[in-house]
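Working notes for the structure below.
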Protein chains: 2
Amino acid sequence: MEYQEAKDKFISTWGSLGTLWGINKAMAQIQSLLFISTKPLSMEDIMEELKISRGNTSMNLRQLMDWGIVTKELIPGERKEFFTTEKDVQELARHIAKERSRREIKPVIKILKDVSSIKDDGTAKTKELIKQTKALHDLAETADTMMNKIVNQEQNWITKSLLKLIK
Amino acid sequence: MEYQEAKDKFISTWGSLGTLWGINKAMAQIQSLLFISTKPLSMEDIMEELKISRGNTSMNLRQLMDWGIVTKELIPGERKEFFTTEKDVQELARHIAKERSRREIKPVIKILKDVSSIKDDGTAKTKELIKQTKALHDLAETADTMMNKIVNQEQNWITKSLLKLIK
DNA sequence: ATAAACTTTCAATAATTATTGAAAGTTTAG
DNA sequence: CTAAACTTTCAATAATTATTGAAAGTTTAT
């Protein structure tokens with residue numbers, strides 16, 4: 001496999017994987033492109049490489065900046081803006097996990113808590129609803145906490161021993 | 001909040017969360033409905049409750065069975081088929097994690113491995129591609145392994161001590 | 001101040017994905 | 001065997017989501 005083929009494969013794979021971590025195709029592809037680029041890229045560069053429109057590029061770059069994984073880079077002497085992505089995978093994972101937790105998981109946990117807190121009127125169906133949503137609430141909260149803790153930790157002793165334990 | 005409202009809220013929330021674990025709305029809603037039901041439901045029951053067509057119900061039930069989280073239940077004396085979902089949240093999480101790993105994460109890891117194994121021709125861009133996809137590969141593999149280990153474990157001493165450590 | 005260089009916005013459109021419903025298929029009771 | 005009861009399939013359609021491109025907006029150099 002040659003460079004160009006490998007690059008295209010990486011970008012399209014990572015792009016389609018985007019849905020797995022909750023972002024759309026173009027967004028994921030822009031991030032991939034920046035991730036393997038050796039230098040900051042301009043909007044023009046990105047449009048050109050991915051064959052997408054200016055508007056699409058602009059909107060998706062903004063979203064990536066909202067997620068905190070892409071930043072503007074000012075290049076002295078250049079009029080236009082250049083972009084880079086977080087290059088460290090640990091840091092990248094941290095940002096993504098944090099955003100997903102905040103945007104999607106936490107709100108769901110809140111609703112599960114509300115639903116599982118309804119008044120028990122003694123009927124079987126109410127008891128079942130309470131029991132099951134409570135179980136789901138506890139699971140979601142544990143999973144969310146674990147994910148954040150694991151991903152937020154620098155590679156300190158806790159993480160290292162964790163990895164040893166379960167790998 | 002009354003039973004009916006709580007129930008509707010749960011089903012629609014869990015339904016829209018479906019995308020987070022990679023399944024579509026109808027599929028997630030059917031699963032939710034079964035999850036809080038005190039008895040197995042027929043296709044008719046599900047159509048009625050969720051106001052969706054027979055075809056849609058049939059297809060999504062099949063997918064849920066493919067995922068291993070819904071099973072057919074034969075009720076003596078009844079002609080039609082009844083359905084139940086896995087009621088234990090741990091077991092549910094196990095099934096979902098296993099399927100997602102198999103269907104989406106493992107194939108991506110494979111591609112990352114391939115891409116990161118291309119021949120180093122000495123150019124900066126090739127070196128960067130190899131370095132970054134390798135880092136991503138290692139991260140994805142670690143995350144996948146951790147997820148599966150955590151979720152597959154019964155609540156044994158390892159899991160318990162893990163939870164104590166990081167909670 | 002103004003014009004060129006660049007970015008953002010957003011209504012229109014395209015592409016994708018989900019849903020329907022009726023015909024075809026299957027199973028079971030008599 | 002065959003008719004009723006039920007399930008599955010799939011082409012048509014609806015709903016949703018992504019993308020375009022051109023007009024409006026902004027910034028900077030002179």
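- Residue B:K25 is the one, among A:A26 and B:K25, whose nearest nucleotide of DNA chain D lies closer to the 5' end (criterion: closest heavy atom).
- The CZ atom of B:R62 sits 16 Å away from the C1' atom of C:dA18 (whole-angstrom rounding).
- Under the Watson-Crick or G-U wobble criterion, with both distances below 3.5 Å, C:dA14 is paired with D:dT17.
- Straight-line distance from the CZ atom of B:F82 to the C1' atom of D:dA5: 13 Å, rounded to whole Å.
- Across the protein-nucleic acid pair, A:L61 atom CG and C:dT7 atom P stand 10 Å apart, rounded to whole Å.
- Set against D:dT27, C:dT19, D:dT7, the side chain of B:N24 has C:dT19 as its closest nucleotide.
- Here C:dC10 is the nucleotide among C:dT20, D:dT7, C:dC10 with the atom lying nearest to any side-chain atom of A:M59.
- Nearest nucleotide to the side chain of B:E81, out of C:dT7, C:dT8, D:dT7: D:dT7.
- For the atom pair B:K119 NZ and A:M1 CE, the distance stands at 11.5 Å (nearest 0.5 Å).
- Atom CZ of B:R54 and atom P of C:dA22 are 12 Å apart (whole Å).
- Atom NZ of A:K87 is surrounded by more than 12 heavy atoms from other residues, nucleotides or ligands within 6.0 Å.
- Ionic pairing of A:D66 and A:R62 is not present here: no N-O contact between side-chain nitrogen and carboxylate oxygen is shorter than 4.0 angstrom.
- With sequence neighbours excluded, the residues that form a salt bridge (Lys or Arg N to Asp or Glu O under 4.0 Å) with A:K127 are A:D120.
- Base-pair partner of D:dC1: C:dG30 (Watson-Crick or G-U wobble, both distances under 3.5 Å).
- Taking atom CG on A:L50 and atom C1' on D:dT20, their separation rounds to 15 Å, with Å as the unit.
- Rounded to an integer number of Å, the gap from CD1 of B:I46 to P of D:dT8 is 11 Å.
- Checking D:dT19, D:dT9, C:dT8 against every side-chain atom of B:S58, the shortest atom distance belongs to D:dT9.
- Atom-to-atom, NZ of A:K51 to C1' of D:dT20 comes out at 16 Å; the value is rounded to the nearest Å.
- B:Q31 and B:T85 share a donor-acceptor pair across their side chains, judged by distance under 3.5 Å alone.
- Pair assignment for C:dA22 gives D:dT9, based on Watson-Crick or G-U wobble hydrogen-bonding distances that are each under 3.5 Å.
- Between the base of C:dT27 and the side chain of B:R79 there is a donor-acceptor pair shorter than 3.5 Å.
- Among the nucleotides D:dT20, C:dT19, C:dT8, the one closest to the side chain of B:N60 is C:dT19.
- For A:N56, the listed nucleotide lying nearest its side chain is D:dT20; candidates were C:dT20, D:dT20, D:dT9.
- As rounded to whole Å, 8 Å separates atom P of D:dC6 from atom CD of B:E44.
- With D:dG21, C:dT9, C:dT8 as the choices, the nucleotide that has an atom nearest any side-chain atom of A:S53 turns out to be D:dG21.
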